[in-house]
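This report refers to the structure that appears directly beneath it.
One-based numbering, in listed order, for ligands and for the atoms of each. Excluded from the calculations below are hydrogen atoms, water molecules and symmetry mates; all remaining heavy atoms, backbone and side chain alike, are included.
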Amino acid sequence: SYQQDPLYEERHLRYIAPLGKGNFGSVELCRYDPLGDNTGELIAVKKLQPNKKSNMADFQKEIHTISSLHCDYIVKYRGICYSMGRLSMSLVMEYLPYGSLIGYLEKNKQHVNRKRLLLFASQICQGMEYLQSMRYVHRDLAARNILVASETLVKIADFGQTKIIPVDKEYYRVTHPRESPIFWYAPESITEFKFSHKSDVWSFGVVMYELFTYCEHTQNPKRLCLQKIGNEMQSPSISMHLANILKEGWRLPSPPHCAPKVYDMMCDCWAYSSEDRPTFSSLEGQIKTIIQDDRE
Ligand SMILES: C[C@H](Nc1nc(-c2c[nH]c3ncc(Cl)cc23)ncc1F)C(=O)NCC(F)(F)F
């Protein structure tokens with residue numbers, strides 16, 4: 001059973017607008033308005049697309065995961081809403097008005113300075129430290145899955161791929177690899193479907209790259225990797241080709257005007273062997289130091 005949060009009654013849910021499509025659900029902006037006078041709170045409601053029942057199992061795991069997380073840097077779970085007489089259920093979350101990090105950075109790159117980017121990186125890092133303390137691996141850490149709560153606060157969201165590391169192991173091995181965001185994946189995730197806190201650290205390095213390129217689409221990780229691989233490959237060998245160029249030492253280039261010590265931190269996250277990568281707590285310390293040393 002889920003954390004005992006209030007149940008949301010469908011009859012008081014007022015649909016306002018679509019927010020986006022996830023890997024197997026869509027999220028809508030709604031107002032929960034039991035008084036019917038438009039004073040109710042705005043919420044984000046994630047509905048499951050009614051198809052394969054396996055999605056329902058994954059969806060229930062996602063709900064269980066997010067309902068167990070209590071951290072300032074992780075999107076808040078509000079509860080669930082049953083509809084069609086408990087036949088289908090929706091996940092109710094807090095609504096973050098500034099939307100996804102990608103749209104926010106593209107729109108506001110003029111007045112978001114490097115100190116602010118480092119603050120966002122520090123907050124994501126702290127959210128990941130918390131996730132790790134709960135033995136979760138996110139497995140889909142990317143700017144598209146970071147939400148902006150305010151000009152000075154970002155939160156990690158979308159726990160659809162999140163898995164718990166078994167107590168006797170250091171990693172989680174996926175058996176049925178699905179449509180995978182391989183351009184955010186560590187080498188061992190690409191070739192052996194192994195996921196760990198250290199593979200999340202690799203993805204965090206890619207998120208730092210996205211932050212410091214302001215999610216400029218011409219510098220998007222997928223675009224640059226495909227350029228390097230050469231666009232002629234068909235899908236099965238793209239991931240093997242990507243694993244090869246990573247093994248040969250190719251990495252995403254330094255974002256324009258990015259301080260060397262910030263790019264060095266990204267490269268530390270992209271150490272080929274997982275045990276050579278830093279921990280989230282050491283990364284957080286380094287980011288804090290750079291923020292303090294930084295004279296903007
Ligand atoms: C499918 C949904 N897509 C989007 N959501 C929002 C959004 C704004 N404000 C929001 N407040 C709470 C939530 Cl859960 C989403 C939004 N904006 C643009 C989107 F494309 C989503 O969940 N994306 C994953 C993540 F949440 F991590 F960004």
For each nitrogen or oxygen atom of ligand 1, which protein N/O atoms lie closer than 3.5 Å, and how far apart are they, rounded to 0.1 Å?
residue: ligand 1; atom: 9 (N); partner: Leu96; partner atom: O; Å: 2.8
residue: ligand 1; atom: 11 (N); partner: Leu96; partner atom: N; Å: 3.0

Counting only heavy atoms not in His257 (residues, nucleotides, ligands), do more than 12 fall under 6.0 Å from its NE2?
no
Side chains of Gln126 and Ser122: donor-acceptor distance under 3.5 Å anywhere?
yes
Please list, chain by chain and in numerical order, all residues satisfying ring pair (Phe, Tyr, Trp, His ring centres under 6.0 Å) with Tyr209, sequence neighbours excluded.
none
Distance-only polar pair, side chains of Glu151 and Tyr104, donor-acceptor under 3.5 Å:
yes
Glu170 atom CD, neighbour heavy-atom count above 12 within 6.0 Å
no
Centre of Tyr171's six-membered ring, under 6.0 Å away, within 45 degrees of the axis: is that where NZ or CZ of Lys194 sits?
yes
